[in-house]
Visitor: 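The structure that follows is given in the form of structure tokens.
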2 protein chains.
Amino acid sequence: MTRQPPKYEVRCQSCSISRLCLPVMLAEAEVEHLDSIVERSRPLRKGEQLFSANDAFEAVYAIRSGSLKSYTISEDGIEQITGFHLPGEIVGLDAINDGQHPSFAKALETASICAIPFEKLETLARQMPALQSQLFKVMSQEIREDQELMMLLNKKAADERLAAFMINLSQRFGRRGLSSSAFRLTMTRSDIGNYLGLAVETVSRLLTRFQSNELIAVQDKEISILNVEELSAMAGTRCHLSPLT
Amino acid sequence: MTRQPPKYEVRCQSCSISRLCLPVMLAEAEVEHLDSIVERSRPLRKGEQLFSANDAFEAVYAIRSGSLKSYTISEDGIEQITGFHLPGEIVGLDAINDGQHPSFAKALETASICAIPFEKLETLARQMPALQSQLFKVMSQEIREDQELMMLLNKKAADERLAAFMINLSQRFGRRGLSSSAFRLTMTRSDIGNYLGLAVETVSRLLTRFQSNELIAVQDKEISILNVEELSAMAGTRCHLSPLT
DNA sequence: CGACACCTTGACGGGCTTCAAGTCTCGTGG
DNA sequence: CCACGAGACTTGAAGCCCGTCAAGGTGTCG
């Protein structure tokens with residue numbers, strides 16, 4: 001008798017977002033090897049931790065469905081959200097360096113996660129050039145995104161930050177086959193503010209303003225982008241014009 | 001007759017900062033392999049570019065001596081400095097993902113650079129587990145540092161940012177065998193402000209204030225740290241006490 | 001239904017940017 | 001050698017964006 005695997009045991013070969021994940025560019029036989037080291041467990045429910053700061057680093061994690069936030073907590077207890085993660089993205093890469101997670105990762109909604117033991121992944125990467133290459137690319141990409149975020153936080157006003165955030169989310173949803181013009185925010189306003197370096201109140205006020213300017217429509221956590229052009233223009237740095245009325 | 005190599009042809013084996021660079025943890029024979037793919041050219045002079053945005057990505061670069069800044073320029077011409085780099089550090093890692101540099105790197109003073117062709121490095125990494133591992137660690141480290149910087153920019157006041165910056169520089173100089181209590185800033189005040197998301201004037205005022213509070217002594221670009229404890233305390237987030245007089 | 005988290009809106013104040021002016025250093029060329 | 005200009009740095013004054021405080025509304029879950 002063949003035991004029926006629980007339905008969260010999706011294999012890489014049949015995973016719908018594998019083209020955004022590590023298997024990209026891998027030959028079929030290689031995907032099977034990769035699949036063989038992946039560990040899948042029951043989905044995380046909203047609010048559950050995937051890992052915590054100071055946890056020993058065992059694996060990196062690929063998101064199969066749902067969304068996560070990763071964040072650090074400073075000595076004095078201040079939370080700093082360092083990223084929101086969608087299906088196909090890899091989290092935990094910041095822990096490689098010293099074998100211990102520097103950050104937390106928590107589910108923003110029910111989320112299915114693939115754990116990929118890092119030692120095995122390293123070994124596999126040595127045998128599969130395309131996998132090694134993809135790993136370097138994923139990490140490089142994260143470095144670059146952090147740098148773009150730095151530009152955002154250092155040089156842009158509150159409305160520009162929020163516009164850039166919405167455009168970014170929109171594009172990421174689009175790449176995953178979802179609507180890029182209408183989506184649901186899985187994080188709270190407070191999370192957004194934390195991430196963008198703004199007070200919750202500012203985020204709330206800006207969403208209201210964007211809505212009255214007909215850039216977006218807001219219905220609780222549901223967002224519709226009504227005017228991509230103008231929103232994108234706002235996301236690009238503005239040269240200190242007077243604020244719109 | 002054996003040609004005398006120019007004196008900038010230092011080999012990895014005899015390089016004074018190899019313990020901070022890629023060769024760390026490599027066996028002697030492995031270092032020789034690595035050394036054999038490294039390309040060294042004449043030193044960069046102050047202000048010269050190592051690479052520019054949109055340049056094709058060929059190599060990553062290790063700094064042997066001197067210092068660099070890396071920065072991006074947004075569509076509308078705003079410069080955003082993304083990092084300052086000291087000997088032993090690797091720059092160009094943000095270019096791996098799409099074969100094109102997203103940022104610029106420029107010498108802040110005369111600097112000797114080792115170019116490491118990335119394709120060869122990848123190949124070598126497949127044969128040398130310790131090298132592959134070190135590469136992952138270096139990239140992981142950069143991701144983590146960017147996240148710490150995010151915390152700095154998002155959550156801390158101007159004086160805390162500058163204090164953290166000084167402490168960070170101090171520690172990095174120390175690790176390189178230089179004095180951690182007295183050093184020379186190779187970047188301008190404007191660069192510091194750009195990096196930390198502050199106006200030049202703010203940086204200048206804070207340096208003056210730090211000096212009158214006897215936390216540091218400033219003589220043009222020469223900095224002496226007089227009170228590490230208090231400066232470190234300031235670098236840790238403060239709980240909104242009234243400013244020191 | 002009551003506790004709690006999330007969200008919104010208004011009022012106020014402060015920390016930083018911006019603007020402006022002046023000093024100093026340094027490299028360059030006459 | 002020195003004049004000269006450009007860039008770097010400092011210091012002061014004024015204004016504004018956004019954080020903070022406060023209050024109230026809404027939705028959710030035990």
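Every chain is numbered from 1, with letters handed out A, B, ... down the list of sequences.
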Visitor: Residues two or more places apart in sequence or in another chain: which of them pass ring pair (Phe, Tyr, Trp, His ring centres under 6.0 Å) with A/His85?
Guide: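 Not a single residue meets the ring pair (Phe, Tyr, Trp, His ring centres under 6.0 Å) criterion with A/His85.
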Visitor: What is the distance, to the nearest angstrom, from the CZ atom on A/Arg209 to the P atom on C/dG10?
Guide: 14 Å
Visitor: Grab the CG-P distance between A/Leu153 and C/dT17 for me, whole Å please.
Guide: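 These atoms are roughly 14 Å apart.
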Visitor: With heavy-atom distances below 4.5 Å as the criterion, would you say the side chains of A/Ile223 and A/Arg184 are in contact?
Guide: no
Visitor: Would you kindly give the CG-to-P distance between A/Leu206 and C/dG10, to the nearest whole Å?
Guide: 14 Å
Visitor: For A/Phe104, give me all partners under ring pair (Phe, Tyr, Trp, His ring centres under 6.0 Å), at least two apart in sequence or on another chain.
Guide: A/Tyr71
Visitor: How would you label the contact of A/Ala199 with the nucleic acid (heavy atoms, under 4.0 Å): base, sugar-phosphate, or nothing?
Guide: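 Base contact.
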Visitor: Using the test ring pair (Phe, Tyr, Trp, His ring centres under 6.0 Å), find all partners of B/Phe51 that sit at least two apart in sequence or belong to another chain.
Guide: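 So B/Phe51 forms a ring pair (Phe, Tyr, Trp, His ring centres under 6.0 Å) with B/Tyr61, B/His101.
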Visitor: Going by side-chain hydrogen bond (donor to acceptor under 3.5 Å, both in side chains), name the residues that satisfy it together with B/Glu39, two or more places apart in sequence or in a different chain.
Guide: none
Visitor: If I take atom CZ in residue A/Arg161 and atom P in nucleotide D/dC17, what distance separates them, rounded to the nearest angstrom?
Guide: 14 Å
Visitor: Polar pairs (N or O, both sides) under 3.5 Å between protein and nucleotides 9-11 of chain D?
Guide:
{"residue": "D/dC9", "atom": "OP2", "partner": "B/Arg189", "partner atom": "N", "Å": "2.8"}
{"residue": "D/dT10", "atom": "OP1", "partner": "B/Arg189", "partner atom": "NH2", "Å": "3.3"}
{"residue": "D/dT10", "atom": "OP2", "partner": "B/Arg189", "partner atom": "NE", "Å": "3.0"}
{"residue": "D/dT10", "atom": "OP2", "partner": "B/Ser204", "partner atom": "OG", "Å": "2.8"}
{"residue": "D/dT10", "atom": "O5'", "partner": "B/Ser204", "partner atom": "OG", "Å": "3.0"}
{"residue": "D/dT11", "atom": "OP2", "partner": "B/Thr208", "partner atom": "OG1", "Å": "2.9"}

Visitor: What pairs with B/Tyr195 under ring pair (Phe, Tyr, Trp, His ring centres under 6.0 Å), at least two apart in sequence or on another chain?
Guide: B/Phe84, B/Phe165
Visitor: From CG of A/Leu185 over to P of C/dT8, roughly how many Å is that when rounded to an integer?
Guide: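 Value for this atom pair: 10 Å.
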